[in-house]
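Take a look at the structure below.
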There are 2 protein chains.
Amino acid sequence: MTTTETFHIPIPVHVDETMMKEHFLTDVSINSVLFSYHDEKLHVLLLRLTTSDHFMLPGGFIKKEEDVDEAAIRNLEEMTGLDQIYLQQFYVAGNAGRTCDPNALDAFKKFGLQKIEQWLTDRKVSVCYYALVNSPELQLKVNEAIICEIKWTPVEELPPLLFDHQMVIDKAIRRLQLDMDRKVISTYLLNETFTMPELQKLYEAVYQEKLTRSNFQRRMLNLDILERLGKRHDGGSHRAPYLYRFNPSKIEMVLN
Amino acid sequence: MTTTETFHIPIPVHVDETMMKEHFLTDVSINSVLFSYHDEKLHVLLLRLTTSDHFMLPGGFIKKEEDVDEAAIRNLEEMTGLDQIYLQQFYVAGNAGRTCDPNALDAFKKFGLQKIEQWLTDRKVSVCYYALVNSPELQLKVNEAIICEIKWTPVEELPPLLFDHQMVIDKAIRRLQLDMDRKVISTYLLNETFTMPELQKLYEAVYQEKLTRSNFQRRMLNLDILERLGKRHDGGSHRAPYLYRFNPSKIEMVLN
DNA sequence: CTCTATTGTATCAATGTGATACAATATAAA
DNA sequence: TTTATATTGTATCACATTGATACAATAGAG
């Protein structure tokens with residue numbers, strides 16, 4: 001998958017505000033920052049309205065009888081088909097004016113979503129989650145009536161975003177950096193097996209800095225959670241790197 | 001202040017549900033874990049309803065045109081009179097059933113708060129903050145109609161709590177431990193000047209473990225943020241410890 | 001003046017890390 | 001077959017941090 005590939009999904013418009021208010025909490029929403037790693041870059045999943053040049057984070061609402069965490073999981077499952085995603089609450093975007101983005105208002109109007117425009121622009125306190133996924137394995141769908149484009153975007157090339165989503169992503173990245181130092185979570189971003197250079201490039205993408213190869217390798221091996229398997233060679237005229245995987249039993253004993 | 005001293009504050013009952021729904025977000029609340037340090041222990045501020053044996057965290061609601069952060073600050077200011085408190089958002093308690101605590105329901109009924117009982121027991125997503133204060137300087141007040149007792153409680157002696165407030169406090173403590181490792185925040189819990197043994201006892205109270213005296217002192221001094229002032233002696237027949245204060249200019253340069 | 005309790009500081013070993021060098025390996029080219 | 005090249009695996013040195021421990025300095029009590 002290249003970083004510019006997108007999916008176009010036509011969706012019927014049939015929800016209205018009364019229906020939303022009946023089934024969902026009115027003041028609260030959810031936004032998820034989906035991270036994935038491919039092409040040696042950390043990517044974030046962004047959505048776009050056909051009527052806007054701006055992108056936005058995926059999100060949803062909370063059913064009246066549903067936990068907020070459940071709603072976040074449901075939202076992700078609807079989009080990805082997966083129900084076992086690493087998901088972490090990391091922030092609440094609660095500014096009163098955050099939903100009053102003129103670009104969003106404009107886009108909603110153009111889209112002809114009168115029946116739900118009020119709902120979408122009413123003030124919402126957004127509970128923000130970040131999720132770690134292995135994107136090449138994903139077939140993405142959106143259920144919302146207003147989304148027409150889905151794009152994995154490298155975090156250093158983010159386009160203009162609606163609402164306060166730029167800040168939310170910034171906070172998600174900072175939190176991901178903290179968590180990768182304290183927990184064994186790179187496993188959620190990688191394939192089952194991987195080489196040391198691959199793991200290093202993931203860390204470099206997350207922390208946005210170069211790391212010294214030999215020292216990185218030593219640090220990872222000293223964690224004593226990697227299991228060395230065979231070797232994998234890319235055909236180049238050089239030594240083949242070992243393949244590793246995270247040792248499940250040892251990971252459990254460590255942190256998380 | 002001893003750990004068992006309490007304040008009794010009679011408050012008139014005059015709010016009703018319609019009024020609340022008109023001015024406040026209906027699905028969201030705020031809870032604050034106020035930490036303070038005295039008598040060599042980390043304390044949390046708890047409130048109690050006269051009609052219940054259970055305690056609860058202070059909290060409040062968010063005005064419709066008010067940021068969530070603003071609401072948290074306002075809530076603390078109403079209670080403490082201070083508007084410059086160190087305050088950190090750290091969690092969202094979002095379980096659907098969290099406000100359905102039979103003990104709370106029972107207590108609200110006994111209190112004769114029919115007009116607002118529904119509001120108080122309706123489902124709320126709670127944005128949780130922790131705050132650091134220097135408690136001996138505080139004169140505490142509560143504006144809510146339902147609170148009759150305020151108590152600083154050592155974190156290792158927490159009484160039965162309403163709702164999910166025990167879990168919220170646990171998460172606040174864990175977050176405080178993480179933050180004290182990464183930021184210079186002990187200053188908010190101490191007086192302007194303090195001795196090294198005092199600082200050490202604060203750390204021991206927060207991390208709930210004994211620390212080696214000489215190593216702790218070395219670590220703190222190596223941070224290069226402490227300014228040594230005079231000495232302070234307690235009259236005991238032993239060497240007097242130095243007085244320190246955090247060097248404001250150096251703290252700014254460091255983290256936070 | 002000695003004793004005792006506490007604080008300030010030094011020392012040593014173990015550990016972790018940045019910088020650097022060098023050995024091992026897989027292929028291409030000579 | 002040999003040599004060159006690119007990359008990975010590993011070792012080494014210097015340095016900083018930290019736990020454990022020892023010892024020196026100080027302020028009274030007796």
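Quick note on labels: first sequence line is chain A, next is B, and so on, each numbered from 1. All figures in this text were calculated on a predicted structure; none of them were measured in a lab.
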Exercise for review: Measure the distance from CE on A:Met220 to C1' on D:dT8 and round it to the nearest whole Å.
Suggested key: 17 Å

Check your understanding: For B:Lys231 and D:dA27, is the shortest distance between a side-chain N/O and OP1 or OP2 below 4.0 Å?
Key -> yes

Review point. A:Phe194 vs A:Phe246 aromatic rings, parallel, tilted or perpendicular, using cut-offs 30° and 60°?
Key: tilted

Practice item. In whole angstrom, give the distance that lies between atom CG of A:Leu211 and atom C1' of C:dA19. Key: 14 Å

Check your understanding: Is the gap between the ring centers of A:Tyr203 and A:Tyr37 under 6.0 Å?
Key -> no

Check your understanding: What is the distance, rounded to the nearest whole Å, between atom CG of B:Leu199 and atom P of C:dT7?
Key -> 13 Å

Polar atom pairs (N or O), protein with nucleotides 9-12 of chain C, under 3.5 Å:
{"from": "C:dT9", "atom 1": "OP2", "to": "B:Arg228", "atom 2": "NH2", "distance (Å)": "3.0"}
{"from": "C:dT11", "atom 1": "O4", "to": "B:Arg218", "atom 2": "NH1", "distance (Å)": "3.1"}

**Study point:** Nucleotide D:dT7, atom P - distance to CD of A:Glu198 in whole Å
**Key:** 15 Å

Review point. Quick one: A:Asn222 CG to C:dT17 P, roughly how many Å, whole number?
Key: 8 Å

Practice item. Please check if atom CD in A:Gln84 has more than 12 non-hydrogen atoms from other residues, nucleotides or ligands closer than 6.0 Å. Key: no

Review point. Should the pair A:Arg228 and A:Tyr242 be classed as cation-pi, given the thresholds of under 6.0 Å to the six-membered ring centre and 45° from the axis?
Key: yes

**Study point:** Listed nucleotide nearest any side-chain atom of A:Thr212, set C:dT7, C:dT4, C:dA19
**Key:** C:dA19

Practice item. Enter the inter-axis angle for the ends of the helix from C:dC1-D:dG30 to C:dA30-D:dT1 (five pairs per end, rounded to 10°). Key: 30°

Practice item. Starting at atom CG of A:Asp224, determine the distance to atom P of C:dG16, rounded to an integer number of angstrom. Key: 12 Å

Review point. Is it true that B:Glu78 and B:Lys141 make a salt bridge, defined as a side-chain N closer than 4.0 Å to a carboxylate O?
Key: no

Practice item. Please state how far atom CD in B:Glu209 lies from atom P in D:dT18, giving the value in whole angstrom units. Key: 14 Å

Review point. Can you tell me how far CG of A:Asp69 sits from CZ of A:Arg74, rounded to the nearest 0.5 angstrom?
Key: 12.5 Å

Review point. Among all residues two or more places apart in sequence or in another chain, which pass the side-chain hydrogen bond (donor to acceptor under 3.5 Å, both in side chains) test with B:Asp67?
Key: none

Practice item. Could you label the plane-to-plane angle of the A:Tyr130 and A:Tyr86 rings as parallel, tilted or perpendicular, counting under 30° as parallel and over 60° as perpendicular? Key: tilted

Check your understanding: Going by distance alone, is a donor N or O of one side chain under 3.5 Å from an acceptor N or O of the other, for A:Asp181 and A:Gln177?
Key -> no

Review point. What is the distance, rounded to the nearest whole Å, between atom CZ of A:Phe216 and atom P of D:dT7?
Key: 18 Å

